[in-house]
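Here's the structure, in structure tokens; my notes come after.
By convention in this document, chain letters (A, B, ...) are assigned in the order of the sequence lines, proteins followed by strands, and residues within each chain are numbered from 1.
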Protein chains: 2
Amino acid sequence: MTESGGRSRTAILQNIAEVFRQYGYEGASLSRFTAATGLGKGSLYNFFPEGKKQMAAEVLEHIQQWFDAEIFSPLETEEDPKVGLTAMFEGTEQYFRSGQKICLMGLLALSVDTAFAVQIRNYFLRWQESLSQALQRQGCSKSNAVDLAEEIVSGIQGALVLAHARGEADVFKRRLVSFKVRLDLPAGHYDERQ
Amino acid sequence: MTESGGRSRTAILQNIAEVFRQYGYEGASLSRFTAATGLGKGSLYNFFPEGKKQMAAEVLEHIQQWFDAEIFSPLETEEDPKVGLTAMFEGTEQYFRSGQKICLMGLLALSVDTAFAVQIRNYFLRWQESLSQALQRQGCSKSNAVDLAEEIVSGIQGALVLAHARGEADVFKRRLVSFKVRLDLPAGHYDERQ
DNA sequence: GTCTATATAGGGATAGAC
DNA sequence: GTCTATCCCTATATAGAC
């Protein structure tokens, strides 16, 4: 956990992640990384000797760890599944800034590049599996839970796509509310449309 | 509708579209276009004087026209809404090759570039609006139809993301079947998972 | 650890021969 | 209409001074 001029590796990775999110893997360039981090190319290669590939791999690893701790583990270990499910929706809404931020795992999933396929696949499998477990403890049959978990995980990704396509982050919020209602969770304020 | 050595502009646009789908906008390079079309750079600039931007714009226009004719119009004009809805799911499954092909509109929606925002937004608005009309003629209230249409349109996008993330095209097929069942449409063969 | 060259390759785009 | 040659720019990556 070494520091560098007061900037932690985590902070640098967050800057880099933002570049990948905005421009995609191919569009993320060293000059954009230098602008986002304030570090020169030389410094970036000092941190990440293997360059762009390593940056992306570490960003994905970082994302995975965040979701493990904040979303997936609570889904699996909270005694009351409703607590884990509520934490999932709240964490998801915050992480994606209510639909303004996209999912880097989902974005990279759409490219044919196979370099990060394993990390991406594991992320989504773990999400669905941990969600399915919580749904089963809430009373769902196994087959229903597996299917509903797949629907919710894919539904969240689609909501992010549509929210950005429409330029309306509210689309994302509405989809989350819809899922919460189906799961009998407190949905918060829900402004029914006209 | 001029030809060029037997290759129509439509055929060339399809080759170009495939490159955009596989590599994204930033990753789609002139050399990849030449490989995919068999045309040299000079020829490509003869067809598309404004270069890559024009290629993408025409590809999106082409996609819009296909969906207008095959999906959106039937949803709006078929007397029996079930016919239009069934055609939508069949057309969608075929177009995306049962989940193996991604949605270029959805992919570009995730980039921050605003160049194609209008085309992308109109595509998704028209899809939701035409679907909502069919659902209303099937008996849905207006607010339910609007919400369900949003859920289905975003659900299809999410199904494509998850299918590619998991490397299992079956994910896409399962999500479509799930929607068809909810709409009381013939779902075809449905292999319930264990 | 950070920076400024610098090397090499490939990007988009144009000109002009055929 | 198609190609090759060429231009200029930016890309990734490295070397070495500080």
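At the phosphate of D:dG1, neither OP1 nor OP2 sits under 4.0 Å from any side-chain N or O atom of B:Ser43.
One interatomic measurement links the two molecules: NZ of B:Lys53 to P of C:dG11, which rounds to 17 Å at whole-angstrom precision. Here the P atom of nucleotide D:dT14 and the CZ atom of A:Phe48 are 15 Å apart, to the nearest Å. The interatomic distance linking A:Asn46 (CG) with D:dG16 (P) rounds to 16 Å, in whole Å. A:Glu50 has its CD atom 15 Å from the C1' atom of D:dT14, to the nearest Å. Regarding B:Phe47, its CZ atom lies at a distance of 17 Å from the P atom of C:dA13, rounded to whole Å.
If you check every strand for non-hydrogen atoms under 4.0 Å, A:Gly40 touches sugar and phosphate atoms only. Within 4.0 Å (heavy atoms only), B:Gly27 reaches no atom of the nucleic acid at all.
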Evaluate the criterion ring-ring contact (aromatic ring centres under 6.0 Å, His included) for residue pair A:Phe67 and A:Phe124; output intermediate values, then yes/no.
CA-CA 11 Å; A:Phe67 275 84; A:Phe124 284 109; 9.3 Å; no
So B:Tyr123 and B:Phe116, ring-ring contact (aromatic ring centres under 6.0 Å, His included) or not? Walk me through it.
CA-CA 11 Å; B:Tyr123 169 85; B:Phe116 312 106; over 10 Å; no
Identify all side-chain donor-acceptor contacts of residues 39-47 of chain A below 3.5 Å with residues at least two apart in sequence or on another chain.
none

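The main-chain N or O of A:Gln100 is found under 3.5 Å from a side-chain atom of A:His164 such that the two form a donor-acceptor pair. Using a distance-only test at 3.5 Å, with no hydrogens or angles considered, no donor-acceptor pair links the side chain of A:Lys101 to the main chain of A:Arg21.
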Check nucleotides 9-12 of chain D for protein N or O atoms closer than 3.5 Å to its own N or O atoms and list the pairs.
unit_1, atom_1, unit_2, atom_2, d
D:dA11, OP1, A:Ser29, OG, 3.2
D:dA11, OP2, A:Ser31, OG, 3.4
D:dT12, OP1, A:Ala28, O, 3.2
D:dT12, OP1, A:Lys52, NZ, 3.4
D:dT12, OP2, A:Leu30, N, 2.6

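A distance of 13.0 Å separates CE in B:Met105 from CG in A:Leu162, rounded to the nearest 0.5 Å.
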